[in-house]
Amino acid sequence: MSRGRHKPIHMKGVHGREFRRILAARDGSRCFYCGTPFEDPAGEATFDHYVPVALWVTRRHSEPWNVVLACWPCNNRKGDLLPWPLVWLLLARFRAQAALERAA
């Protein structure tokens, strides 16, 4: 079910299918989150922004370094949230920085 968002030209049609093939070759032809394999990533995989556009709006948010392939249920479940591994890294970084500031 579509949320009615506008998709850039490189994420739909022939360009989108080719972008999915490139991501599948980079990451393996499976869902980034649950590992379910895709028989045809060009047709059944969805794009997911690892760092959500809603949290980090930039002209380059759809660069390959921020886009992964996900199955529809995982993509829908994640929504506009940060992935937990990224949250843990950020929390660890800010806690370490706060501890250094308290010690100074």
Side-chain angles (χ1 to χ4, degrees):
M1 179 189 219
S2 174
R3 292 175 58 176
R5 292 184 179 176
H6 168 73
K7 291 183 182 177
I9 189 69
H10 70 276
M11 293 190 135
K12 57 185 174 180
V14 174
H15 299 286
R17 286 190 291 279
E18 183 58 29
F19 193 37
R20 283 183 187 87
R21 285 188 188 100
I22 291 168
L23 293 177
R26 180 190 73 185
D27 300 334
S29 189
R30 57 186 62 247
C31 175
F32 182 80
Y33 300 106
C34 70
T36 301
F38 299 118
E39 287 184 31
D40 177 22
E44 59 184 309
T46 64
F47 292 117
D48 183 55
H49 291 90
Y50 193 69
V51 177
V53 176
L55 299 178
W56 186 45
V57 179
T58 175
R59 297 177 93 175
R60 300 182 65 200
H61 64 265
S62 292
E63 295 283 327
W65 54 265
N66 191 40
V67 179
V68 296
L69 294 179
C71 63
W72 190 86
C74 286
N75 197 344
N76 192 46
R77 189 176 317 115
K78 178 183 167 275
D80 289 337
L81 302 174
L82 285 173
W84 279 109
L86 184 57
V87 172
W88 290 328
L89 289 172
L90 291 171
L91 286 174
R93 168 74 173 122
F94 288 113
R95 284 183 183 148
Q97 184 176 355
L100 287 174
E101 289 172 358
R102 280 193 304 268

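Residues His49 and Lys78 come closest through the heavy atom pair O-NZ, 2.9 Å.
Every residue two or more places apart in sequence or in another chain that forms a side-chain hydrogen bond (donor to acceptor under 3.5 Å, both in side chains) with Tyr33 is listed here: Asp48. Judged as a side-chain contact (heavy atoms from CB on, under 4.5 Å), and not counting sequence neighbours, the contacts of Phe38 are Ser29, Cys31, Pro41, Glu44, Ala45, Leu69, Cys71.
Applying the salt bridge (charged side-chain N to carboxylate O under 4.0 Å, His left out) definition to pairs two or more places apart or across chains, none involves residues 26-41.
Here CG of Leu23 is found 10.0 Å from CD of Glu18. Values are rounded to the nearest 0.5 Å.
Note: the hydrophobic cluster containing Phe32 also contains Trp65 (ILVMFWY, side chain heavy atoms under 4.5 Å, direct or indirect links).
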